[in-house]
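Since the structure comes first, as structure tokens, the remarks are kept for the end.
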Amino acid sequence: MASRFQAVTLVDSPSYPNSIAWSDENLIAVASGHLVTILNPALPFGPRGLISINRSEPYPIGAVKREDLASGCLLPTTLNRDPRPSVRSVSWSNLGMAPNSGCFLAVCTTEGRVKLYRPPFCDFCAEWIEVLDLTDRLYDYLASISFEDPDIPPSEISNEPVTNHGYVDDPTDSVSMKEQKRRKVNNFGVRNAGLETSFDQISHGPSPSLELEGQGPPKGRCTKSGGRKSSHQIVPATRGRGRSAKKPPEVCILPLITADQYASRSAMLSSLVVAWSPLLKLSSRICGAPEINSSICFSLLAVGSKSGKISFWRINVPEYYSIEQSLAPTRVELIGILKAHSSWVTAISCALLASDSSTPQVLLATGSSDGSVRIWIGHGEEFLKSTEVNNAPFYPLKEIVNIYAVPVSVLSLMPTQSLHKMLLAVGRTSGAIEVWIGDTSVKTFDKAGPYDAHDQVVTGLAWAFDGCFLYSCSQDNFVRSWSLRGSSLSEMPIPSSSPGLRSVSDMPDVFISCLGLVVSPSNLAVAMVRSFDVNQLDHMYEARLQKAAVEFFWIGGHQKDILSNTSLEFDIEPLPGFTEKELVYWESNILWSLKQYEHWDKPLVIWDIVAALLAFKWSAPDYVDHVLVKWLSSSYVDVHVERSIGKVLPHVCKSFCKAASRQLHLLNIICRQVILPELKADEINSNLLNFTVDNPNFAQDKQHKLWMDLLSRSEKELRERLVGFSFSAYRSFASNSATTSSEPGYWYPFGMAQMEQWVANNNHQVHDQLKVVATEIKTCKRSRCIELAEEDKEQCSYCSAPVPFESPEFGVCRGMESNGSSGQKHKLARCAVTMQVCPITPLWLCKCCQRWISKLAPESLFKMPQQHCLDYKFSPEPSSIKVASKPQCPFCGILLQRSQPEFLLSPLPV
């Protein structure tokens with residue numbers, strides 16, 4: 001039986017499938033009751049984030065007669081007695097959607113509300129910040145078209161007077177009257193300070209949109225017809241104000257509608273599931289942007305409802321990223337409503353299809369409570385051109401009908417690396433799972449299954465290792481692993497071996513159900529959320545605070561392919577609990593994971609790779625050396641060399657000038673986090689300044705010195721690329737007659753004086769091309785007076801004393817002279833990008849190398865491909881001088897963030 005390597009408890013238990021999600025910045029969100037708990041898997045017992053769901057005010061969609069409350073379509077609403085709403089569905093966006101370049105979290109509640117939350121990076125609190133209530137926007141649009149639905153015939157309108165919100169006649173026994181007491185004070189107001197949304201920009205036409213700019217006062221809501229004539233009778237009704245009884249109630253005009261119309265309108269606003277699409281980027285040629293080299297980046301949020309319809313929201317990435325404030329403009333627009341099913345939409349899954357098309361293609365899989373599954377495809381440019389909300393830019397590819405009408409509980413869509421190929425796993429409430437293998441180019445779909453995988457509802461499905469393995473969990477508390485070979489699905493046991501097994505014996509093993517699972521970003525671990533059987537817990541100490549738990553299991557010991565069935569190339573000491581084949585499988589999977597991160601567009605989150613290598617290093621360091629040597633040999637060394645650390649590392653250093661930037665970033669992280677974990681980042685940075693292999697001050701063995709030399713050369717190569725790119729851009733700015741200045745979201749070559757001084761100080765180590773370009777820059781500055789030269793003289797932020805340039809890592813001021821003696825000297829951090837002294841403002845921080853950054857690096861630095869020839873003579877054309885800035889560390893490549901206190905949650909990609 002597989003053994004977990006870590007586990008954490010939750011104060012509430014999840015209630016719905018897919019209750020757990022893993023973000024691209026290495027955070028885990030768990031929907032547990034009325035809370036969303038956000039964990040850091042690298043520090044499972046550390047600080048947590050929190051989202052608390054409160055009861056919301058019902059929408060004034062219309063008034064019904066009292067006798068209609070007992071009709072079949074309104075019985076669920078009439079008999080609803082949920083004391084507090086809970087979380088039904090959660091979904092993470094891709095990196096780059098939040099104002100700090102992090103991830104948005106979409107939360108769907110049992111009340112049907114869908115809200116977006118961002119991390120509190122500038123708020124210094126544990127509670128995540130609500131950004132937008134999308135259901136409010138959907139209501140505004142539906143109200144503007146009077147909820148027109150051709151499926152509902154016109155009804156007879158009663159002329160009886162209405163004096164309350166929901167129905168005619170006696171208001172004392174009404175459920176709607178009771179609900180008035182629980183309404184919010186304001187439907188539009190955002191509870192968190194500094195994040196009120198501007199709603200003056202909402203368009204009530206066919207394509208409503210807004211910008212989140214944090215400005216504008218909140219407004220009250222009343223139903224409007226948007227200029228359309230309605231045949232419904234308009235009746236007055238009082239609006240409750242929650243607990244605020246001092247103010248007189250407002251009068252709101254509501255139409256008198258039938259029970260079927262009320263149920264239909266309520267179903268339109270009752271969301272059940274949310275899912276983000278991958279990040280889509282369209283060039284200026286496709287999207288018609290006027291600026292050269294400009295592009296539009298956005299993501300789609302799909303929201304499924306009880307009406308069988310799916311609303312699609314296009315959410316653009318911020319125009320620029322900031323950690324000082326949360327008001328970076330973000331545009332949100334409703335681009336379409338798709339009639340996907342005739343019954344409830346219970347599951348949605350989105351993926352980016354690998355194709356030879358010039359525009360991105362989005363695959364969409366939807367499942368319904370009637371048992372049907374449909375596969376759709378959408379094209380990137382149509383998401384921007386869509387003007388009619390009723391015509392969603394998705395087209396059907398395949399419909400899967402279940403003859404027994406067994407509801408769909410979960411879906412997992414996986415595009416393969418082959419063009420136009422996809423995998424779809426379907427989980428049903430009967431416990432059965434199906435796998436569909438499709439080719440979208442010819443619209444052929446082959447079925448594998450169904451398989452009676454579980455005895456109860458399937459609550460989670462997740463693909464791993466590019467579709468080689470599928471993991472499923474169920475309400476019956478079982479988690480199963482499946483291997484896909486061709487069109488055959490066979491069950492395989494989860495590997496029982498676990499490197500670095502931690503003791504979690506204090507947690508009771510009395511689980512009753514599993515409500516979701518998710519695979520780690522590198523596919524080496526799986527996390528699942530399980531509910532405790534509270535009847536078997538100690539009611540005094542355990543049952544109060546331990547309702548569920550998140551467990552982590554290693555899956556790196558799976559045999560991914562037949563080629564992995566080989567033997568090790570050298571002998572190592574046997575590891576307890578591991579067979580030789582299992583070590584071979586681990587080696588193959590770690591190398592596969594590292595290979596995936598060589599693509600620059602994949603977020604660098606390798607926590608599970610680092611954790612696995614460290615776990616093996618404690619018990620078998622020779623095995624870790626063997627894995628790393630094999631990785632270095634395949635990625636950096638072209639010629640065959642003896643497979644040992646001492647022989648491989650010198651050859652790796654010689655290939656740095658031809659290596660892609662992402663390869664150097666990976667190498668730097670492995671050096672710091674795996675090889676030198678006992679050294680602090682500041683200590684490593686100071687040792688790298690004047691490091692040589694023969695340096696006696698670095699009291700480590702020879703192998704550690706070789707790794708330090710490797711790290712030193714790798715970071716020097718990256719710094720030379722940054723300096724060379726800056727010099728080239730500076731020269732282009734100088735030759736451009738137009739006035740240029742720094743713009744938010746775009747990189748600008750600051751720190752020329754410091755970079756020139758760094759080249760002069762390291763004249764014997766830098767490339768000859770860089771020396772020539774540095775000389776040209778000096779000539780350029782003398783011939784043309786450019787304000788960038790103001791950087792030559794730096795002053796201390798504390799005492800205004802001059803700060804000479806001596807090191808790219810830090811500066812020491814000379815101190816102010818007082819009474820003939822030198823004053824106190826201050827040690828100041830320098831920006832890792834510009835090498836300038838950092839100002840006293842919130843700074844970006846790299847959690848790997850602990851360097852501070854005040855000006856972001858150019859995005860082109862992170863895209864430099866393999867076999868890149870470092871030619872500093874290259875000069876971009878003045879018309880294409882704009883280069884986007886990227887909030888990533890120029891030396892580690894991971895996402896930068898604002899430093900947080902130790903008692904607050906902070907993501908750790910490594």
Side-chain angles (χ1 to χ4, degrees), residues 11-16 19 29-37 50-62 69 74-90 105-117 127-140 164-167 171 173-193 195-197 218-223 237-247 249-250 252 254 262-263 265-274 303 305-306 547:
V11 297
D12 208 344
S13 178
S15 305
Y16 296 91
S19 294
V30 184
S32 51
H34 68 283
L35 300 175
V36 178
T37 306
L50 186 68
I51 297 175
S52 180
I53 305 299
N54 299 314
R55 178 170 287 277
S56 301
E57 178 182 10
Y59 291 103
I61 58 179
L69 294 176
L74 286 185
L75 274 180
T77 303
T78 307
L79 300 178
N80 182 27
R81 293 293 187 273
D82 289 339
R84 191 171 189 178
S86 58
V87 183
R88 185 187 292 271
S89 175
V90 293
L105 181 62
V107 177
C108 178
T109 69
T110 52
E111 289 184 326
R113 308 296 285 255
V114 174
K115 299 181 179 182
L116 298 186
Y117 295 85
E127 184 87 14
W128 279 45
I129 310 301
E130 179 184 330
V131 176
L132 178 66
D133 190 330
L134 286 180
T135 314
D136 283 347
R137 311 287 73 72
L138 181 61
Y139 171 83
D140 291 332
N164 58 70
H165 168 68
Y167 64 95
D173 299 328
S174 169
V175 174
S176 300
M177 194 64 179
K178 295 179 181 179
E179 300 241 348
Q180 289 181 8
K181 299 180 180 180
R182 295 189 288 263
R183 296 183 185 178
K184 294 186 301 183
V185 173
N186 197 308
N187 270 321
F188 288 96
V190 179
R191 290 185 176 86
N192 306 96
L195 276 178
E196 295 180 348
T197 308
K219 301 179 182 179
R221 168 182 280 116
C222 63
T223 305
T238 57
R239 298 185 63 223
R241 282 296 217 170
R243 298 182 179 179
S244 178
K246 297 181 179 180
K247 296 181 180 181
E250 297 178 6
C252 187
L254 297 178
Y262 188 95
R265 296 182 177 190
S266 178
M268 294 179 190
L269 294 169
S270 297
S271 303
L272 296 174
V273 61
V274 291
V303 182
S305 67
K306 291 182 180 180
K547 301 295 180 60

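Note that the structure is a prediction, hence the values are computed from the model and not measured. The figures that follow rest on heavy atoms only: side chains count, while hydrogens, waters and symmetry mates do not.
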Self-check item: Results of side chain to side chain contact (heavy atoms under 4.5 Å, CB included) for S270 - residues two or more places apart only
Solution: S266, K306
Quiz item: If you look at every heavy atom in V90 and A29, which pair is closest and at what distance?
Solution: CG2-O, 4.4 Å
Exercise. Provide the closest heavy-atom pair for L132 versus L134 in the form atom of the first, atom of the second, distance.
Key: CD2-CD2, 3.4 Å
Quiz item: In Å, rounded to the nearest 0.5 Å, how long is the span from CG of L105 to CD1 of I51?
Solution: 4.5 Å
Quiz prompt | Pairwise distance CG(D12) to OG(S86) - rounded to 0.5 angstrom | solution = 8.5 Å
Quiz prompt | Those residues that, when tested against L75, pass side chain to side chain contact (heavy atoms under 4.5 Å, CB included) (two or more places apart) | solution = L79
Exercise. Please name all residues satisfying side chain to side chain donor-acceptor pair (under 3.5 Å) with S13, sequence neighbours left out, ordered by chain then number.
Key: S531
Quiz item: To the nearest 0.5 Å, what is the distance between CG (D136) and CD (E57)?
Solution: 9.5 Å
Quiz item: If you round to the nearest 0.5 Å, how far is CZ of R88 from OG1 of T110?
Solution: 6.5 Å
Quiz item: For Y59 and R113, does a side-chain donor sit closer than 3.5 Å to a side-chain acceptor?
Solution: yes
Quiz item: Out of curiosity, T37 OG1 to L50 CG, how far, rounded to the nearest 0.5 Å?
Solution: 6.0 Å
Quiz item: Do Y16 and V87 come within less than 4.5 Å of each other through their side chains, counting heavy atoms only?
Solution: no
Exercise. Give the minimum heavy-atom separation between C108 and S271, together with the two atoms involved.
Key: SG-O, 3.3 Å
Quiz item: Do you know the tightest heavy-atom contact between E111 and S56?
Solution: OE1-N, 3.0 Å
Self-check item: E130 side chain to K115 backbone, donor-acceptor under 3.5 Å
Solution: no
Quiz prompt | Sequence-distant partners of S89, side chain to side chain donor-acceptor pair (under 3.5 Å), two or more places apart | solution = none
Exercise. Write down the atom of R84, the atom of R55, and the distance for their closest heavy-atom approach.
Key: N-NH2, 4.1 Å
Quiz item: Taking all atoms of both residues into account, what is the closest heavy-atom pair of V114 and D133, and its distance?
Solution: O-OD1, 3.3 Å
Quiz item: Who pairs with A106 by side chain to side chain contact (heavy atoms under 4.5 Å, CB included), at least two apart in sequence or on another chain?
Solution: L116, V274, W276, L301
